[in-house]
Asks: 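Have a look at the structure that comes next, please.
Owing to the predicted nature of the structure, the values given are computational and were not obtained by experimental measurement.
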Amino acid sequence: MEIRDSPFETASAFLTPLAAMALPGIRLAHDRLTHEKGVFTEEWLAGRPLPLADARQPGQTVALVDGDGFTRSLGADSATHDHDVRPRTRVYESLHVRSNSWVSLTALHLAGLLRRDVVCTAYESHAGDLNLGPHDDLWTGLIVQISGAKRWLVWPNPQAAPEEFVMRTGDVMVLPRRMKHDVSTPENPGYSLHLVFAITDRPIEAWSAPQSSGVNHLDRDERAIPVAG
């Protein structure tokens, strides 16, 4: 059931437990992997829809991503067709600037609290969808599992075997900068949707208003693409 809270009310209710769980570690223990179960309930998240699929804002791109690169589309029909031809993770780019939803307000508040530019992206996938494969990123990822489940392999120690765990609806993870990881969508339930708030090293004082053609997603050449799902 959809809740009729205002975007400000939803962002505030979302940010309170998120900040309490994640911000101390982000500020004080930059290299510590954190996975907290059940920070949000499934019922609460289900009542706060995201600006995705048919609810996308005008100009909102969807990228299909795998290890070979990105295919971007503005049209839902085109994205669906491309996914059917080659099933890949769907990436809803730059929600922090391309929507007027509670998600963009949350990213804005996080940027103010951390004094860093924060990029928000949503990842949607089904079991068997291709993704980027093992990689690391030049930002800290604050990751919220909105629905379904995502299996993670993470290498806190690059010389050791990876840690494996499954993110389920309501779980939150802090993935440190440059920590190698890989993801997949398990057969049960066979679907995943998660948000990534990518906390960059760019001080907010240096941030300037993005141009419509320039800030969608951080380029892969910078190794700053939000986590593939």
Side-chain angles (χ1 to χ4, degrees), residues 2-52 92-123 137-150 152 154 156 165-179 181 183 192-207 210 215 218 224 226-227 229:
E2 183 175 334
I3 307 299
R4 295 296 181 179
D5 291 344
S6 72
F8 292 96
E9 290 171 324
T10 299
S12 178
F14 184 75
L15 186 62
T16 298
L18 189 68
M21 173 263 164
L23 294 195
I26 292 172
R27 288 173 171 147
L28 302 175
H30 305 291
D31 59 350
R32 186 177 69 185
L33 172 69
T34 304
H35 172 210
E36 188 77 22
K37 297 181 179 180
V39 175
F40 301 97
T41 67
E42 183 174 356
E43 293 74 19
W44 191 91
L45 290 171
R48 277 77 185 180
L50 297 174
L52 311 180
Y92 294 83
E93 303 175 294
S94 298
L95 295 177
H96 60 298
V97 293
R98 288 184 171 172
S99 81
N100 57 3
S101 71
W102 62 270
V103 176
S104 61
L105 292 172
T106 299
L108 180 64
H109 284 301
L110 283 171
L113 290 169
L114 293 166
R115 308 305 299 169
R116 290 291 184 269
D117 193 10
V118 175
V119 176
C120 182
T121 307
Y123 291 84
D137 301 293
L138 289 178
W139 40 260
T140 296
L142 178 53
I143 300 158
V144 182
Q145 189 70 30
I146 300 297
S147 63
K150 180 67 67 176
W152 290 77
V154 184
F165 55 88
V166 175
M167 291 269 287
R168 302 192 184 278
T169 303
D171 289 2
V172 175
M173 177 169 61
V174 178
L175 182 69
R177 179 179 182 270
R178 298 301 298 266
M179 187 170 286
H181 54 277
V183 297
S192 174
L193 175 63
H194 66 270
L195 285 176
V196 176
F197 296 93
I199 301 161
T200 75
D201 286 338
R202 296 192 298 270
I204 201 169
E205 291 82 2
W207 182 84
V215 195
L218 303 173
V227 183

Asks: Measure the shortest side-chain to side-chain distance between Lys37 and Arg168 over non-hydrogen atoms and say whether it is less than 4.5 angstrom.
Replies: no
Asks: For the atom pair CE (Met21) and CG (Asp171), what is the distance rounded to the nearest 0.5 Å?
Replies: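 Here the interatomic distance stands at 9.0 Å.
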Asks: Roughly how far, to the nearest 0.5 Å, is the CZ atom of Arg48 from the CD atom of Glu43?
Replies: 11.0 Å
Asks: Just by distance, with hydrogens left out, do Asp137 and His181 show a side-chain donor and acceptor under 3.5 Å apart?
Replies: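 Side chains of Asp137 and His181: pair found under 3.5 Å.
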Asks: Considering non-hydrogen atoms only, spot the tightest contact between Val103 and Cys120 and give its length.
Replies: CG1-SG, 3.2 Å
Asks: Under the criterion side chain to side chain contact (heavy atoms under 4.5 Å, CB included), which of Leu15, Leu18, Val118 is the partner of His109?
Replies: Leu15
Asks: Is there a side-chain contact between Leu193 and Leu52 in this structure, where contact means two heavy atoms from C-beta onward sitting under 4.5 Å apart?
Replies: yes
Asks: So do the side chains of Val154 and Leu175 get within less than 4.5 Å of each other, counting heavy atoms only?
Replies: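 They are in contact (side-chain heavy atoms under 4.5 Å apart), so the answer is yes.
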Asks: With a 3.5 Å distance limit and no angle check, can you tell me whether His96 reaches the backbone of Val119 through a side-chain donor-acceptor pair?
Replies: no
Asks: Taking all non-hydrogen atoms of both residues into account, name the closest pair between Trp102 and Pro7 and its distance.
Replies: CB-O, 3.4 Å
Asks: Hey, can you tell me if Phe197 and Phe14 have their rings parallel, tilted or perpendicular (30° and 60° cut-offs)?
Replies: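 Judged by the thresholds at 30° and 60°, the geometry between Phe197 and Phe14 is tilted.
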Asks: Measure the spacing between CG of Leu114 and CD1 of Ile204 and express it to the nearest 0.5 Å.
Replies: 9.0 Å
Asks: What is the minimum heavy-atom distance between Gln145 and Ser192, and which atoms define it?
Replies: NE2-OG, 2.9 Å
Asks: Quick check: closest heavy atoms across Thr169 and Ser147, and the distance to 0.1 Å?
Replies: OG1-CA, 3.3 Å
Asks: Would you call Val172 and Phe40 a side-chain contact if the rule is heavy atoms closer than 4.5 Å?
Replies: yes
Asks: Could you tell me if the side chain of Met179 sits less than 4.5 Å from the side chain of Pro156, heavy atoms only?
Replies: yes
Asks: For the atom pair CG (Asp201) and CZ (Arg177), what is the distance rounded to the nearest 0.5 Å?
Replies: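 Rounded to the nearest 0.5 Å, the CG-CZ separation comes to 5.0 Å.
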Asks: Looking only at heavy atoms, what is the nearest atom pair of Ile199 and Trp139, with distance?
Replies: O-CB, 3.3 Å
Asks: Please check if the side chain of Thr16 supplies one atom and the backbone of Ser12 the other of a donor-acceptor pair under 3.5 Å.
Replies: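 Yes, Thr16 side chain to Ser12 backbone: donor-acceptor pair under 3.5 Å.
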Asks: For the residue pair Lys150 and Ile143, establish whether any side-chain heavy-atom pair is separated by less than 4.5 Å.
Replies: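 Answer no - side chains too far apart.
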Asks: With a 4.5 Å limit on heavy-atom distance, are the side chains of Trp152 and Met173 in contact?
Replies: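 Touching, per the 4.5 Å side-chain cut-off.
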Asks: If you look at every heavy atom in Arg178 and Leu138, which pair is closest and at what distance?
Replies: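 That would be CD-CD2, 3.0 Å.
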Asks: To the nearest 0.5 Å, what is the distance between CG (Leu110) and CD1 (Ile26)?
Replies: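 The CG atom of Leu110 sits 7.5 Å away from the CD1 atom of Ile26.
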Asks: Can you confirm whether Ser104 sits close enough to Leu95 that some side-chain heavy atom of one is under 4.5 Å from a side-chain heavy atom of the other?
Replies: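 Result no, sub-4.5 Å side-chain heavy-atom pair not found.
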